[in-house]
Amino acid sequence: MKKVSLPLTGGCHCGALRYELTAPPVTVYNCHCTNCQKITGGAFVVSAMVPQDEFRFTKGEPKKAEWISDAGNRRYGCFCGDCGGRIVHGQTPPGAIAAIRAGTLDDTGWLEPVGDIWTKSAQKWLRFDKLVADGQPRDFAPFIEAFKAQGRF
Ligand SMILES: [Zn+2]
Ligand SMILES: [Zn+2]
């Protein structure tokens, strides 16, 4: 399999925000929580869990929104003040891990989510055939292992 090269780059819809990721994602999964559905207007989000320290904006100044997640955690999201595109989410106060909205990557061709989380609020017409967590996984280890096994980095 062709390896994905670093850094990964991406940006918002209008291009005012650009970012880079200098380490491989920890895992990639689909999130079906109600926040992700509302924020995107879609059925779910393809989320790339990444080391917070390896992610940085290279162009533009993101706006920030905060809310309480379905799991009860305080979360923040960075988005473009011009086009509204969401780029990255994380915990408040910031932790070691952030979650990139993977559809904002320049190259999405290699993405293959290893599973689905918050399936209890998923749209009823979806079917799941990989790792499944009906809410927030207590342990992401199976998701991390499955992503490693893809051997893309
Ligand atoms: Zn924008
Ligand atoms: Zn979500």
Side-chain angles (χ1 to χ4, degrees), residues 7-22 24-52 54-147 150:
L8 296 176
T9 57
C12 67
H13 186 220
C14 78
L17 286 183
R18 296 287 302 160
Y19 68 81
E20 71 173 11
L21 178 71
T22 48
V26 178
T27 186
V28 176
Y29 57 87
N30 300 321
C31 183
H32 302 263
C33 81
T34 58
N35 288 294
C36 284
Q37 294 186 38
K38 279 288 184 196
I39 289 165
T40 60
F44 59 89
V45 161
V46 183
S47 186
M49 200 186 256
V50 304
Q52 174 87 62
E54 304 288 340
F55 172 89
R56 67 191 56 80
F57 283 101
T58 53
K59 182 184 171 209
E61 198 55 53
K63 296 225 175 206
K64 220 170 180 186
E66 283 200 344
W67 69 97
I68 303 297
S69 76
D70 287 5
N73 297 314
R74 200 181 169 88
R75 305 276 297 166
Y76 72 86
C78 292
F79 64 98
C80 174
D82 293 332
C83 73
R86 281 290 175 120
I87 302 290
V88 66
H89 285 183
Q91 204 94 316
T92 300
I97 291 291
I100 295 180
R101 319 304 262 183
T104 64
L105 288 163
D106 292 333
D107 177 12
T108 56
W110 58 271
L111 286 171
E112 188 183 349
V114 298
D116 297 87
I117 73 171
W118 285 98
T119 55
K120 69 179 168 198
S121 50
Q123 296 289 311
K124 295 294 175 244
W125 39 268
L126 289 167
R127 299 290 174 269
F128 306 111
D129 59 359
K130 294 181 180 173
L131 296 171
V132 170
D134 69 345
Q136 186 73 11
R138 228 167 296 155
D139 181 9
F140 267 101
F143 288 76
I144 294 167
E145 284 307 309
F147 184 71
Q150 289 181 352

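Atoms within a ligand are numbered from 1 in the order they appear, just like the ligands themselves.
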**Student:** Can you tell me how far apart OG1 (T9) and CZ (R18) are? Round to the nearest 0.5 Å.
**Tutor:**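 Reported value, rounded in 0.5 Å steps: 5.0 Å.
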**Student:** Does the side chain of T22 come under 3.5 Å of the side chain of E54 through a donor N or O and an acceptor N or O?
**Tutor:** yes
**Student:** Would you say the side chains of T92 and E66 form a donor-acceptor pair under 3.5 Å?
**Tutor:** yes
**Student:** I need the SG(C36)-the Zn ion (ligand 2)-SG(C31) angle, rounded to 10 degrees.
**Tutor:**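 SG of C36, the Zn ion (ligand 2) and SG of C31 span an angle of about 120°.
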**Student:** What's the SG-the Zn ion (ligand 1)-SG angle here (C12, C80), rounded to 10 degrees?
**Tutor:** 110°
**Student:** Is C14 close enough to the Zn ion (ligand 1) that one of its N, O or S atoms comes in under 2.8 Å?
**Tutor:** yes
**Student:** Among V88, L8, I100, which residue satisfies the side-chain contact (heavy atoms from CB on, under 4.5 Å) criterion with Y19?
**Tutor:**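 When V88, L8, I100 are each tested with Y19, the side-chain contact (heavy atoms from CB on, under 4.5 Å) holds only for I100.
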